[in-house]
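Structure first, then comments.
Start at 1 and go down the list; that is how both ligands and their atoms are numbered.
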Amino acid sequence: VPTLARIDAAREPHGKAEFSAQPILAGKVVGATPKKVVNPATGASVGRVTDATKEDVDTALKSAKPWAAGAAERATVLNRAADLYEENFGPIFALLAREAGKTQMDAVAELREAVDFLRYYAARGLELKQPPLGIFTCISPWNFPLAIFTGQIAAALAAGNAVLAKPAEQTPLIAAHAVALLHKAGVPASALQLLPGDGATVGARLTSDPRVNGICFTGSTETAMLIRKAMARHLAPGAPLIAETGGLNAMIVDSTALPEQAVRDIVASSFQSAGQRCSALRCLYVQEDIAAHFTDMLFGAMEELTVGDPWHLATDVGPVIDEEAEQGIRAHIEKARREGRLLRQLSTPRGGHFVAPTVIRVKGIAEMKREIFGPVLHVATFDAEDLPKVIDDINATGYGLTFGLHTRIDNRVQEVTEALHVGNIYVNRNQIGAVVGSQPFGGEGLSGTGPKAGGPEYLARFTKPEPAPAAGAAAGKADPARIQA
Ligand code: UN1
């Protein structure tokens with residue numbers, strides 16, 4: 001990782017530069033009516049984007065060709081792309097801060113993850129036995145506009161597919177920058193095309209055209225359900241949907257936890273990335289006996305956070321992504337304030353889409369109907385004898401993405417983790433920031449389809465299915481990476 005001084009120097013020339021994103025169809029850049037893309041922290045222009053039209057989607061589908069090179073050559077190209085990403089950290093960090101509101105800490109982690117995905121899938125691609133499916137639609141979110149955008153594409157390409165990539169509407173500029181690097185590394189123009197645009201024009205077409213052979217999606221649970229319906233109507237039976245969706249993630253802190261450590265991990269899990277991760281902590285359960293003292297410590301630690309423009313290296317919490325996000329989260333906080341449940345809120349800087357870290361009291365996770373995608377932590381207390389009920393309530397949400405546990409009771413780790421239907425469990429640490437390769441990431445139930453991204457089973461879903469194994473062969477296979485301590 002470069003030093004902060006080097007990061008600052010490398011991104012400086014890109015601090016005011018105007019970037020652009022346009023559809024890239026079989027290598028040709030098209031379109032001429034650009035919309036402005038603005039910085040969520042300042043409202044200043046970052047550049048312009050041209051959305052793809054329905055004709056562009058059709059052109060892309062006609063030009064798409066699965067990547068014919070052998071697995072070894074594909075791996076070489078993806079590794080070269082990883083090198084190019086690393087060399088280009090200046091404009092990448094500038095774009096992550098200016099277009100996506102990422103703090104430097106988050107930007108460093110995001111570039112690392114994107115590079116890890118490229119190298120990991122390049123290596124796993126060499127082990128694949130089955131041929132590619134054909135054409136993959138990849139639809140990615142604004143909260144990891146480089147890492148998840150790249151991870152989806154790298155997986156589909158490593159398996160030999162052609163990719164039609166639709167970046168999130170809020171973050172097309174970094175996507176265009178990434179696609180340029182992938183092409184420069186040697187990914188053929190017909191194997192990777194970029195289609196910026198909205199869900200109605202671009203997303204809907206890319207998920208309901210019978211020429212598409214599979215879909216990789218990260219975003220809301222509601223959108224995943226719409227995609228599944230469209231696929232059932234229009235795509236060939238068996239075309240896979242590989243989806244990572246929402247979460248309603250809990251953490252339990254019992255009276256044996258180390259308070260300083262738990263507080264630090266809660267602050268990171270709830271407020272880092274302004275809470276805009278599907279893995280983020282939403283509902284904290286603190287054991288009643290320690291609750292008063294513990295929440296005081298938590299409020300004290302929150303006070304240390306600097307909220308502001310992520311261009312400043314000292315900023316801990318940047319803006320939320322746009323006006324709609326800001327208003328939605330604010331409405332949720334205001335309701336809690338009216339009901340007398342607002343426990344703490346930091347002061348909010350002016351000028352951008354800022355929501356200051358906030359803590360709200362709840363009785364339990366059961367009353368939280370949906371994921372609030374921002375820096376808002378909900379806190380409940382529990383008595384030790386009610387632990388089974390807490391576990392039942394967490395399972396009853398139907399989501400199952402991440403879970404955190406702070407305890408020094410050995411049996412409790414086993415009891416709790418066995419009872420929970422959750423993809424990623426973190427013990428005595430924070431619950432964000434899964435690591436490609438060693439901590440594959442993905443949820444159960446409403447949180448996703450599996451297999452886990454950055455894990456050994458992921459790539460096979462991008463290939464023709466293997467003939468069914470003998471009955472019982474794969475049954476009961478434990479996932480050793482599910483629990484991280
Ligand atoms: C998401 O926020 O859409 O472990 C998923 C983590 C990240 C979460 C990515 N891999 O925090």
Give the atoms of ligand 1, by number and element, whose distance to some non-hydrogen atom of [X] is under 4.0 Å.
{"X": "Cys278", "result": "1 (C), 2 (O), 3 (O), 5 (C), 9 (C)"}
{"X": "Ala434", "result": "4 (O), 6 (C)"}
{"X": "Thr218", "result": "3 (O)"}
{"X": "Arg277", "result": "2 (O), 6 (C), 11 (O)"}
{"X": "Gly433", "result": "4 (O), 6 (C), 11 (O)"}

**OP:** Give the C-alpha distance, both sets of side-chain angles, the deciding distance and a yes or no for side chain to side chain contact (heavy atoms under 4.5 Å, CB included) between Gln152 and Phe136.
**Re:** CA-CA 10 Å; Gln152 294 180 342; Phe136 249 86; over 6 Å; no
**OP:** Of all the heavy-atom pairs spanning Asn143 and Arg277, show the shortest one and how long it is.
**Re:**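 Here Asn143 and Arg277 meet closest at ND2-CA, 3.7 Å.
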Subject >> Mutual orientation of the aromatic rings belonging to Tyr458 and Tyr121 [parallel < 30°, tilted 30-60°, perpendicular > 60°] >> reply: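 Tyr458 vs Tyr121 ring planes: parallel.
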Subject >> N/O donor-acceptor pair under 3.5 Å between Thr417 side chain and Gln414 backbone >> reply: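 Present.
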Original post:
What is the nearest protein non-hydrogen atom to atom 9 (C) of ligand 1, stated with its residue, atom name and distance?
Top reply: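 The closest heavy atom on the protein side is Phe144 CE1, 3.6 Å.
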Checking the N or O distance criterion of under 3.5 Å, is ligand 1 in contact with [X]?
{"X": "Phe441", "answer": "no"}
{"X": "Ser279", "answer": "yes"}
{"X": "Asn143", "answer": "yes"}

Subject >> Face-on cation placement of Lys102 at Phe93 ring, 6.0 Å and 45° thresholds >> reply: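 The answer is no, since Lys102 fails at least one limit relative to Phe93.
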**OP:** State if Ile148 counts as touching ligand 1 under the rule of any non-hydrogen atom under 4.0 Å.
**Re:**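 Yes.
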Original post:
Got a sec, which residues hit side-chain contact (heavy atoms from CB on, under 4.5 Å) with Ala109, two or more places apart in sequence or on another chain?
Top reply: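 Not a single residue meets the side-chain contact (heavy atoms from CB on, under 4.5 Å) criterion with Ala109.
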Original post:
Which pairs, with at least one residue in residues 391-404 and sequence neighbours excluded, count as a salt bridge (charged side-chain N to carboxylate O under 4.0 Å, His left out)?
Top reply: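 Output for this query lists Lys389-Asp393.
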